[in-house]
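Below is one structure, written out as structure tokens; comments come after it.
In each ligand, atom 1 is the first atom listed, and ligand 1 is the first ligand listed. A quick note: this is a predicted structure, and the numbers were derived from the prediction, not measured. The figures that follow rest on heavy atoms only: side chains count, while hydrogens, waters and symmetry mates do not.
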Amino acid sequence: MAAAFAHHILLSKPSSSFFFTKTLAKSNHGFTAFVSVIRRHKSTQPIAASLLELGGVQISKQDVVKDEPTNNVPDLIFTKLGLQLHRRDNHPLGILKNAIHEYFDSNYNSQFLKFDDLCPIVTTKQNFDDVLVPADHVSRSYNDTYYIDADTVLRCHTSAHQAELLRKGYTNFLVTGDVYRRDSIDSTHYPVFHQMEGVRVFSPNDWNDSGKDGTSYAADDLKACLEGLARHLFGAVEMRWVDTYFPFTNPSFELEIYFQEKWLEVLGCGVMEQEILKRGGKTDNVAWAFGLGLERLAMVLFDIPDIRLFWSTDKRFTSQFTKGQLGIKFKPFSKYPPCYKDMSFWINDSFTENNLCEIVRGVAGDLAEEVVLIDNFTNKKGMTSHCYRITYRSMERSLTDEEINELQWNVRDQVQRQMNVELR
Ligand code: DAH
């Protein structure tokens with residue numbers, strides 16, 4: 001399933017991350033051939049804020065959404081650029097970011113520099129090469145990442161800024177930002193979400209007297225730092241470390257905490273690959289790095305049941321959160337009825353679930369709650385049929401039958417035309 005690999009909130013799937021090898025093995029994603037990228041419906045209508053400022057860079061819609069085969073950014077994604085939920089002090093993501101900053105400020109004497117306004121448009125070099133993501137890694141595919149052109153993407157992780165900040169000479173820093181991934185549709189996945197990256201660089205003076213080598217010293221410091229952070233956010237919880245793989249760290253770990261009767265992945269981290277430091281001009285140093293998904297943690301900390309709520313402007317959502325208050329539990333203001341619509345079609349070789357989900361989001365926006373494969377079979381002629389169930393539900397109001405039928409009709413039409421599948 002698409003979701004097995006392209007999970008959203010960093011480490012948001014119970015046991016896998018965007019950058020794990022094990023998810024590569026599990027994934028059925030091939031590398032989506034260029035030609036199989038679906039053509040999106042791009043509206044020609046000007047949108048309200050057509051000139052944005054992102055991290056000091058002026059960006060217009062035409063810079064991001066282009067009707068060219070090397071571009072797969074839909075209109076909907078453009079509308080999210082520049083919203084920067086993590087910079088709103090009264091928003092759960094801003095409250096969480098501030099709480100993490102507070103932890104670092106008080107434990108590290110404000111040594112960590114904080115960046116939360118770096119432009120999300122980065123080069124493939126920044127997003128992949130600089131952090132040693134292999135040339136054939138699935139995260140580079142057009143099925144998984146939003147490309148503006150062949151060399152430019154919407155960052156798919158905040159690790160995209162590690163190398164440039166090291167090159168600029170920073171040695172202790174936190175980077176928070178919106179990140180973008182093509183993905184499935186359900187309550188924990190949204191194509192835009194937020195991450196925080198942390199990096200700390202050590203020099204031989206730091207570890208020489210410790211009796212440890214640089215790598216063990218950094219790994220121990222990293223673990224102590226992140227265990228402290230988890231306690232700062234979650235209280236006295238049980239924790240465990242799990243060995244894992246990331247292209248940018250070695251060794252690599254995941255921190256899990258036992259919370260509400262489940263082991264929950266909190267973040268990914270490790271000792272930075274020496275090559276990254278070397279390229280940043282730091283040959284004698286050792287560093288640690290971590291990355292965490294803000295939505296994933298905020299959903300647990302604030303009891304937020306659906307990831308779409310973070311984007312809600314409904315007062316019944318926004319008014320429940322207050323600057324500086326991490327402990328507040330969200331009180332659902334409604335549970336409007338869901339509506340289920342099934343659609344079946346014969347797939348072709350270029351079919352991917354992410355492409356389907358992109359069409360559904362393009363038509364229904366945040367009214368699309370979930371898309372699940374409910375039936376899958378291959379007939380004697382070797383043709384494969386998929387049946388997907390789409391759940392439509394608004395967080396804010398009841399939907400009418402006519403409205404849902406119109407959405408479904410539109411989805412069917414666009415799926416047929418853009419994906420060249422045969423509806424059944
Ligand atoms: N970039 C990783 C992701 O998005 C998260 C991550 C893992 C960041 C380990 C790190 C790290 O800096 O050391 O899945």
Indicate, as side chain, backbone, both or neither, the part of [X] found under 4.0 angstrom from ligand 1 when only non-hydrogen atoms are considered.
{"X": "F248", "result": "side chain"}
{"X": "C269", "result": "backbone"}
{"X": "Q195", "result": "side chain"}

Close-contact set for ligand 1 against [X] heavy atoms, below 4.0 Å:
{"X": "G291", "answer": "6 (C), 8 (C), 10 (C), 12 (O)"}
{"X": "G270", "answer": "13 (O)"}
{"X": "A289", "answer": "12 (O), 13 (O)"}
{"X": "T249", "answer": "13 (O)"}

The reported gap from NZ in K125 to CG in D130 (rounded to nearest 0.5 angstrom) is 3.5 Å
Is there a polar contact between ligand 1 and G198, counting only N or O atoms under 3.5 Å apart?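 In this structure, G198 places no N or O atom under 3.5 Å from an N or O of ligand 1.
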Under 4.0 Å between a side-chain nitrogen and a carboxylate oxygen: does that hold for [X] and [Y]?
{"X": "D306", "Y": "R393", "answer": "no"}
{"X": "D144", "Y": "R181", "answer": "no"}
{"X": "E370", "Y": "R389", "answer": "no"}

Name the residue from F290, F128, Y180, F248 that meets the ring-ring contact (aromatic ring centres under 6.0 Å, His included) definition with H157. F248
Nearest non-hydrogen atom to atom 4 (O) of ligand 1 belongs to which of R181, Q162, E197? R181
Under the ring-ring contact (aromatic ring centres under 6.0 Å, His included) rule, collect the residues that match up with Y258, sequence neighbours excluded.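 Result, ring-ring contact (aromatic ring centres under 6.0 Å, His included) vs Y258: W263.
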Please determine, by modelled atom types, if E358 and Y146 share a side-chain donor-acceptor pair under 3.5 angstrom. yes
